[in-house]
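Everything on this sheet refers to the single structure shown next.
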Amino acid sequence: MKLETLTDLYIHQLKDLHSAEKQLLKALPKMAKAATSKKLRAGFEKHLEETKEHALRLETILSSHQQTTRGPKCKAMEGLVEEGAEIIEEEADAEVRDAGLICAAQKVEHYEIASYGCARTFAELIGDKAGMKLLQKTLNEEGATDKKLSELAMSEINISAND
Ligand code: FE
Ligand code: FE
């Protein structure tokens, strides 16, 4: 795909994000299963439901531009998910593993926050108001997830892991 306009770049980013969300959909159940803390597990399960919505929103925006979701695999998410898998596979103390899972999940959220921030701004610039609104919604949910993970880490999980 040749990138000639900001719209081309916007579509490119949307496809990359869709690939990222699809990969995350497969990884989150494994992260939930690996979590010992009930709150952390519930957090991953909640974000799994949100992630399904995120993928659907991207499909809606892409189809409004007569585009499919087809595109290259998001390599950043592939790497981030791989790092999460390493934490899961490592022999670890339960609380320490939970702290590691939070860390891996926050890396994912920060990647998504950066990507959705770019896509939202591109939507605004090219005048895709509906797309902008949907992307902002997702961006807010990614931000809220990141904040919740920080709170969970600082209020209990990192503390237990440090015992
Ligand atoms: Fe997401
Ligand atoms: Fe996310």
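Each ligand, and each atom within it, is numbered from 1 in the order the structure gives. We number each residue from 1, following the sequence as shown.
When all heavy atoms of Ala119 and Leu17 are compared, the pair lying nearest together is CB-CD1, 4.2 Å.
Not a single N/O/S atom of Glu50, whether from backbone or side chain, sits less than 2.8 Å from the Fe ion (ligand 2). The nearest N, O or S atom of Glu142 is closer to the Fe ion (ligand 1) than 2.8 Å. Inclusion of Glu21 in the first shell of the Fe ion (ligand 2) is not supported: no N, O or S atom falls under 2.8 Å. Using a cut-off of 2.8 Å, one finds that His47 contributes no N/O/S atom close to the Fe ion (ligand 1).
In this structure, CD on Glu21 lies 6.5 Å from CE on Met77, to the nearest 0.5 angstrom. Separating the CZ atom in Arg120 from the CG atom in Leu139 is a distance of 5.5 Å, to the nearest 0.5 Å.
Between the side chains of His47 and Glu141, no donor N or O sits under 3.5 Å from an acceptor N or O. A donor and an acceptor atom, one from each side chain of Gln13 and Ser115, are nowhere located under 3.5 Å apart.
Within His54, the N, O or S atom at minimum distance from the Fe ion (ligand 1) carries the name ND1. Atom OE2 is the N/O/S atom of Glu112 found closest to the Fe ion (ligand 1).
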